[in-house]
Amino acid sequence: QVQLVESGGGLVQDGGSLRLSCAASGRTFSMLTMGWVRQAAGKERESVASISFNGRNTYYVDSVKGRFTISRDNAKNTVYLQMNSLKPEDTAVYYCAARFRGDSEYAYWGQGTQVTVSS
């Protein structure tokens with residue numbers, strides 16, 4: 001079983017920055033593909049970024065490329081999402097998610113952290 005706990009959300013002005021963190025329990029973190037998924041009010045869930053188990057491969061949705069950076073520290077069982085140049089349209093609940101290599105769907109989810117960008 002994997003438990004995920006996010007932190008770092010909050011209120012920021014247009015153009016500001018935030019860093020989200022997600023701490024994972026268990027000894028399997030280095031085997032997990034980690035991702036950040038967001039859901040804005042009234043909209044479908046959207047995969048924002050993901051990072052492979054060894055950190056060598058990353059994915060970003062087009063709308064955040066060049067502004068967001070996903071990274072991980074396997075020694076600390078933690079994944080990060082650095083968000084720069086934030087826009088009001090980035091406002092959403094951000095969820096940390098995990099899946100084992102070879103799985104197509106995320107199996108483990110955090111409780112979510114609210115990110116609000118004011119204009």
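It should be emphasised that the depicted structure is a prediction, and the values quoted were computed from it without experimental measurement.
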Value rounded to 0.5 Å, distance of CZ in Arg72 from OG1 in Thr33: 7.0 Å
4.5 Å side-chain heavy-atom contact, Trp109 and Cys96: no
Common cluster, Tyr59/Tyr94, ILVMFWY with side-chain heavy-atom separation under 4.5 Å: yes
Pro88 versus Ser119, closest heavy-atom pair with distance: CG-CB, 3.8 Å
Flag side-chain contact, heavy atom, 4.5 Å: Ser7 against Thr113: no
Min side-chain heavy-atom separation Val61-Phe68 under 4.5 Å: no
Pair Asp90 + Lys87, salt bridge at N-O below 4.0 Å: no
Atom pair CG (Leu81) and OG (Ser71), whose distance is rounded to the nearest 0.5 Å: 8.5 Å
Pairwise distance CG(Asn57) to CD1(Ile51) - rounded to 0.5 angstrom: 9.0 Å
Student check: side-chain heavy atoms of Arg38 and Thr91 closer than 4.5 Å: no
Residue pair Gln114 / Val93: nearest heavy atoms and the distance that separates them: OE1-CG2, 3.2 Å
Connected via hydrophobic side-chain network under 4.5 Å: Met34 and Phe100: yes
Student check: side-chain heavy atoms of Tyr108 and Gln1 closer than 4.5 Å: yes
Heavy-atom pair with the smallest gap, counting every atom of Ser17 and Asn84: OG-OD1, 3.0 Å
Gln82 atom CD: more than 12 heavy-atom contacts under 6.0 Å: yes
Reported CD-to-SG distance for the pair Glu6 and Cys22, which is rounded to 0.5 angstrom: 5.5 Å
Non-hydrogen atoms of Thr78 and Ser21 that approach each other most closely: CG2-CB, 4.4 Å
Asp73 side-chain N/O to Ala75 backbone N/O, donor-acceptor pair under 3.5 Å: yes
Side chain proximity check, Ser63 to Glu89, heavy atoms < 4.5 angstrom: no
Rounded distance (nearest 0.5 Å) linking atom OG of Ser85 with atom CG of Asp14: 9.5 Å
Side chains of Arg67 and Tyr60 in contact at under 4.5 Å (non-hydrogen atoms): no
Cluster link Phe29 to Val2, ILVMFWY, side chain under 4.5 Å: yes
Cluster link Met31 to Tyr106, ILVMFWY, side chain under 4.5 Å: no
Side chain proximity check, Tyr95 to Leu20, heavy atoms < 4.5 angstrom: no
Leu18 to Leu86 - nearest heavy-atom pair and separation: N-CD1, 3.8 Å
Flag, side chain of Asn74 to backbone of Phe53, donor-acceptor distance under 3.5 Å: yes
Single-linkage hydrophobic cluster Met83~Tyr80, side-chain heavy atoms < 4.5 angstrom: no
